[in-house]
Amino acid sequence: MTRDLSSALKGLAFAGLLAGALATGAAQAATTINLSYNGAPDPDKNAVHVFATNLKQLVEEKTNGELMLELYPNSMLGEEEERMEQTMNTPSLNVASFAGVSPLVEEVFVSAIPFLFEDFEAARSFFDEGEYWNEIESALHERAGIEMLAVVEEGGFLAFTNDEKPITHPDDFEGLRFRAMDPSQVALYESFGASGTPIPWTEVYMALRTGVADGQMNPPMYIILGSLYEVQDYLTLANIQYSNQFLVGNAEMIEGWDDATREAFREAVAEANRNAREHNEAKVEERIAFLEEQGMEVIRPSEDDIAAFRDVGQPAYLEWLRERGIDQRWIDLALEDAGMTELLD
């Protein structure tokens, strides 16, 4: 073998080893992170899934494949509290509801004061810029080692459904049984004269079908997602609360990334949330029309009826917050951020 040929073969071998090492390094550099959430992987029915799939794409693009997201819809990794425990203890992401966040930071219930927001713009400003929400983020980090990354819309404002009678006024709730997502909804139903029972989302359809509950409260998107129109006859658009969930992540994981990766990840979260909000707001009326086409009677309460819901619901809910031992400071901060200083003590 000539010296030139020998040198060439050695060069090729070295190049091969180098390429292999680079490939191995790239493989090692990629980190796969679980992202869990409620609801089916159906973009036509689940706004949270739309957000999650867009976030996956943007994170992988903006980090050049360094971070890869593995999606787990349909509560595949457990119900709310189980998934929050996973987020506390493992390098993972989760889209949680009030039922997941409130056991760690009960003060989050303050953001669900009835009729706190007039429209989407007011709600988004409250969560994106408000002092109260900054305090919630800090409390979650300090108490549980979890970072609050984004407030994710799940399909509009909350509407009531039931299979007993049209609801246009708080008095119409008398004697009805409602599925509640968490204790705050139980308190709200009781203020209207109904009873509330906490039932996990995965069990809601059967609870309504078998009469364990007469009704429930969710945005139109979730009513479609759960096929609740099959077991509910009446839809009341009281728009009593903003419908949102929370993207959270293990703080130690996020703090462990280098600055460039962390910045790229945060940019992806912000962009995915903007996209999801635009998509969600554009779909609200279309979803209501779909439910009407499925046979639901849609009730749009008058201004006087909305005022009645507000006059009953707000004071009762504020009293419930105080009975829970939530410091008045949190309530004052939220009311100030929402421009509702007339409710301050």
Side-chain angles (χ1 to χ4, degrees), residues 80 84 95-144 146-159 170 180-192 196 217-219 238-248 270 273 277 280-281 306-345:
E80 291 282 354
M84 287 300 282
V95 183
S97 74
F98 280 85
V101 175
S102 60
L104 303 174
V105 182
E106 192 173 34
E107 295 87 350
V108 73
F109 283 132
V110 175
S111 67
I113 293 171
F115 301 102
L116 192 61
F117 312 117
E118 184 176 345
D119 52 28
F120 283 111
E121 183 179 355
R124 293 164 183 170
S125 175
F126 177 90
F127 289 107
D128 293 348
E129 304 167 12
E131 184 179 352
Y132 158 81
W133 197 247
N134 284 336
E135 293 279 343
I136 290 290
E137 292 174 347
S138 296
L140 185 62
H141 190 285
E142 291 170 8
R143 297 176 193 176
I146 291 177
E147 186 161 341
M148 180 71 72
L149 296 164
V151 175
V152 182
E153 289 177 4
E154 58 175 356
F157 284 75
L158 296 181
M181 178 178 67
D182 54 55
S184 73
Q185 289 192 350
V186 174
L188 194 59
Y189 292 132
E190 289 178 350
S191 74
F192 296 146
M217 179 167 61
N218 258 307
N239 293 346
I240 194 165
Q241 291 169 322
Y242 176 68
S243 175
N244 58 299
Q245 295 191 38
F246 313 102
L247 175 67
V248 295
N273 209 22
R277 286 173 172 181
N280 173 59
E281 190 170 358
I306 291 293
F309 279 113
R310 183 169 53 247
D311 291 345
V312 172
Q314 272 184 351
Y317 194 92
L318 289 168
E319 181 59 29
W320 177 81
L321 291 173
R322 296 177 183 116
E323 289 173 354
R324 299 280 292 193
I326 293 176
D327 194 287
Q328 185 66 35
R329 177 179 77 89
W330 293 93
I331 299 171
D332 292 347
L333 278 174
L335 293 175
E336 288 171 3
D337 286 345
M340 300 182 69
T341 54
E342 72 275 6
L343 292 179
L344 293 172
D345 282 347

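Numbers here simply count residues along the sequence, with the first being 1. Predicted, not measured: the structure shown is a model, and the values here were computed from it.
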- Between Arg124 and Glu129, does at least one N-O distance fall below 4.0 Å, as a salt bridge requires? no
- Heavy atoms of other groups near Glu323 CD, more than 12 under 6.0 Å: yes
- Message: Working to the nearest 0.5 angstrom, can you tell me the gap between Met340 CE and Asp332 CG?
- Response: 13.0 Å
- Taking Asn134 for its side chain and Glu137 for its backbone only, find out whether a donor-acceptor pair lies under 3.5 Å. no
- Query: Under a 4.5 Å cut-off applied to non-hydrogen side-chain atoms, are Trp133 and Asp337 in contact?
  - Reply: no
- Please step through side chain to side chain contact (heavy atoms under 4.5 Å, CB included) for the pair Leu335 and Thr341, ending with a clear verdict. CA-CA 6 Å; Leu335 293 175; Thr341 54; over 6 Å; no
- Item | Between Gln245 and Ser97, a side-chain donor and acceptor under 3.5 Å | no
- Message: Test your reading of the model: is there a side-chain donor-acceptor pair from Ser102 to the backbone of Phe98, 3.5 Å cut-off?
- Response: yes
- Message: Tell me if the centroids of the rings in Tyr242 and Phe127 come within less than 6.0 Å of each other.
- Response: yes
- Message: Does any part of the side chain of Leu321, heavy atoms only, come nearer than 4.5 Å to the side chain of Ile331, both counted from C-beta?
- Response: yes
- Query: Are Phe157 and Phe120 near enough that their ring centres are under 6.0 Å apart?
  - Reply: yes
- Message: Just so I know, are the side chains of Ile136 and Ser111 near enough to count as touching, which here means a heavy-atom distance under 4.5 Å?
- Response: no
- Message: If you define the side chain from C-beta out and look only at heavy atoms, does anything of Arg277 sit under 4.5 Å from Asn280?
- Response: no
- Please report the shortest heavy-atom distance between Ser243 and Glu154, naming the atom on each side. OG-CG, 2.6 Å
- So do the side chains of Gln328 and Leu333 get within less than 4.5 Å of each other, counting heavy atoms only? no
- Between Arg143 and Glu107, is there a side-chain N and carboxylate O pair less than 4.0 Å apart? yes
- Query: How many angstroms lie between CG in Leu188 and CE in Met217, if you round to the nearest 0.5 Å?
  - Reply: 5.0 Å
- Message: Walk me through whether Tyr132 and Phe126 qualify under ring pair (Phe, Tyr, Trp, His ring centres under 6.0 Å).
- Response: CA-CA 8 Å; Tyr132 158 81; Phe126 177 90; 5.5 Å; yes
- Query: After noting the C-alpha distance and the side-chain angles of Arg329 and Glu135, does the key distance pass the side chain to side chain contact (heavy atoms under 4.5 Å, CB included) rule?
  - Reply: CA-CA 11 Å; Arg329 177 179 77 89; Glu135 293 279 343; 3.7 Å; yes
- Supply the atom-to-atom distance Ile240 CD1 to Ile306 CD1, rounded to the nearest 0.5 angstrom. 8.0 Å
- Contact summary for Pro114 and Gln314, nearest pair of heavy atoms: O-NE2, 2.9 Å
- Item | Residue Glu118 excluded, over 12 heavy atoms near CD under 6.0 Å | no
- First locate atom CG of Leu140, then atom CD of Glu147, and finally report the distance between them rounded to the nearest 0.5 Å. 9.0 Å
- Asn244 and Glu153 side chains, donor-acceptor separation under 3.5 Å: no
- Nearest-0.5 Å distance, NE2 of residue His141 to CD1 of residue Ile146: 10.0 Å
- Query: Picking from Ser191, Pro315, Ser184, what satisfies side chain to side chain contact (heavy atoms under 4.5 Å, CB included) with Trp320?
  - Reply: Ser184
- Does a side-chain N-to-carboxylate-O contact under 4.0 Å join Asp327 and Arg322? no
- Item | Gap separating the CG atom of Leu116 from the CD atom of Gln241, nearest 0.5 angstrom | 9.5 Å
- Message: Would you say that Phe246 contacts Val151 through its side chain, given a criterion of any heavy-atom pair below 4.5 Å between the two side chains?
- Response: yes
- Query: What residue among Leu247, Val105, Val108, Val248 forms side chain to side chain contact (heavy atoms under 4.5 Å, CB included) with Met148?
  - Reply: Val248
- Please report the shortest heavy-atom distance between Met181 and Ala99, naming the atom on each side. O-CB, 3.9 Å
- Item | Sub-6.0 Å ring centroid separation between Phe109 and Tyr317 | no
